[in-house]
Amino acid sequence: MGKSDRKDGMTRKNFIADVIIWAGILLLLSLEWLLHGKQIFMMDDLWYSTNLATGQPLRSLGDVLESQVWHFLNWGGRNITHGILQMVLMCGERAADGINLLMTVLLGAMICKVAGVRDRIWFLAVQCLLIGVNANVRMSMFWQSGAVNYVYSTVWLLFFLWIYLRQLRDAEAAQLPAIAVWILPLGLMAGWSNENMGPACMLAAAGVTWYLCFFQKKCKLRLWMAEGIVAAAAGSVLVIVAPGNFVRVAAIEKVGFGESVLQRIDAMLVATGDFLFPVFLLTGATILCYVCFCGGKPEPVNWVLLATACAAHGAMLLSPHYPDRATFGIMALCIAVTVSLWDKICERHADARKWFWLMSAGFFLYAVFLLGQCLIFTDIIVGD
Amino acid sequence: MTKSLVRAEKIIAVLLSLSALFLYLFAIHDRQTAQGVGYYVALRFQREDRRLFDLGADLLRAAAFLGLLLFSCAVFKRKGAISFFRAFSLWIGMMPFVDGATLVHILFDAGAVWNSKMSLADRFWQSGAQILGVLRYWFPLLCLLLLCGRMFCQKDSEGTGQPLLSARMVRIFGVVQGLMCVLLLALPGFGEVWKFVFGYLLLLESIALIEELCEKNESWSLGSFWLFVLLWIRGICKMTEILSTSGLG
């Protein structure tokens, strides 16, 4: 076989692979779009569609602002996410569906960016894993309040984290344009997003900065680095010390200290052994495969992602309630580590690629089946 | 260092296995008593005192469980505490928990189960959910284990590189399991038993792969221990859920 024949064969193979990947992505996104269309606003969505202070339907941004002041004082500190939720709800069902789908695509892209992978197959794998290892697909991705609280917030949290990880990958990397200006609102949004992922990402950013500038001394402390950490810390403080949190906890938690400690340990056990089990198993087995059989060492970026996931998981010990959907951000971080290592394994063993294709195909089948099932059986997707 | 690590792993393995074994047997007793498995059999035999039947049902179930678990270790000639812990963790973490009531229902009312009047579409969705529900956890694990074996053989190819024996076993079992999926469509009423048999084959495949990899790669043998601790945690979660929902625990 001539050289050009072989090249033609490879090009054809790549073309077929590309067609399969794009078809897979399109099918998955189409199903998600249909399912978003089927999922009506429900439960908390209906409450957030009103001005929380007056009980009247939302009419303007002023109402959103008034609602969030009330929310901060009476219900909880997640004002950024709930403010955005109210704005999305004001756009109506169809527009909200479009925004949800866009954010799901962005999340997949962001996970690939954080993982440092570029191949399209990993994007498809990430999209499948987001459904395949998710503890509660319906409440974290298709319920409007869940989508904003988890999908949307993970996008900007990962974007914030990526800026620091980019520096960790290459200490001499060129500064992003005007970063010293926009890192402030981004850091604030990241810190103020939710109670576990926000502070965990802030700690990760601080850890990376300390490692680069003071431990390894690979680069000087830049203004944007400090600004991002300070803004995220301010956001984290606001989300945690909001007076509304204490009002809510007092309403929910009516047990003594000893029982509350036991309940929280039990919640952590369930989250580890049930909600996060599929993704922990996958990530753990992938790390072992990479370390023991490829002779590789996870990069510092992977350690940061894993430490962030652990911090976010551990932080839930402080929360009186640990629902399955709250593991979404931790799952996204673990998926990033997994995909990053899959890519590394393929770099070392070209033969491994087909195994990851097979695994992705399995998760794809699972995702399509699950979404199809939700589309056909109405009672699965409509609220409790 | 490695020796003391192995010794520590052994001690932890024994302690975790014993605690989970106690909880598992208690969960079996709790669920079966709450569901009235022994009571139902006693009524079938027209006896008023259910205690003997309750005890019999518990003993039979425990013996079947221990027999199958020990068989999965013995068939691959594994005797150590760590090997038992690995097999046991896989069992409690990944195997579906089949209710005694389901087994009794199939045993005494097989006709009703057999003559299922489900439409083909319903059979497809129900069977698909059962197959994918089991494979959701096993499939990625098996793929990664097979990939590890593949990479090990490549690494070893300069010497005596032989493909893993267990990889061939997985291929044969895979064909059987493919046929089983078709069978499930025909007999949806036996879904619970099907899930168990399907899961048990997956368990045997995984144990074969894991043990062969442990034999060939010491770092995997040491490192994978924590993966089984994760499975143990899942097992404990499942059992506490059984105990909290069956009404007696």
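Lettering follows sequence order; numbering is per chain, from 1. These numbers come from the heavy atoms of this one structure, side chains and all, not from hydrogens, waters or symmetry mates.
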A/H313 and A/Y322 side chains, donor-acceptor separation under 3.5 Å: yes

Heavy-atom side-chain contact between A/I25 and A/Q127 under 4.5 Å: no

B/I233, B/L147, B/I236: which one forms the most heavy-atom pairs within less than 4.5 Å of chain A? B/L147

Pairwise side-chain contact, A/F364 with A/L27, heavy-atom cut-off 4.5 Å (strictly under): yes

Under 4.5 Å from any heavy atom of chain A, what part of B/F228 do you find: side chain, backbone, both or neither? neither

What class does the angle between the rings of B/Y200 and B/W91 fall in, given that below 30° is parallel, 30 to 60° is tilted and above 60° is perpendicular? perpendicular

For chain A, find its close neighbours in residues 130-140 of chain B: heavy-atom separation under 4.5 Å, sorted by number, or none. B/L132, B/R136, B/Y137, B/F139, B/P140

Which is it for B/K238 and B/E241 under the salt bridge (Lys or Arg N to Asp or Glu O under 4.0 Å) test, yes or no, and what are the steps along the way? CA-CA 5 Å; B/K238 278 164 70 173; B/E241 202 192 324; over 6 Å; no

Measure distances from A/F363 to the heavy atoms of chain B and classify the residue's part below 4.5 Å as side chain, backbone, both or neither. side chain

For A/I287, is it the side chain, the backbone, both or neither that has a heavy atom under 4.5 Å from a heavy atom of chain B? neither

Who wins among A/L282, A/L281, A/L370 for the most heavy-atom pairs under 4.5 Å with chain B? A/L281

Can you find a side-chain donor-acceptor pair between A/T338 and A/T283 that sits under 3.5 Å? yes

For the residue pair B/F22 and B/F26, categorise the inter-ring angle as parallel (less than 30°), tilted (30 to 60°) or perpendicular (more than 60°). parallel

Hey, what's the ring geometry for A/W122 with A/W342, parallel, tilted or perpendicular (30° and 60° as the breaks)? tilted

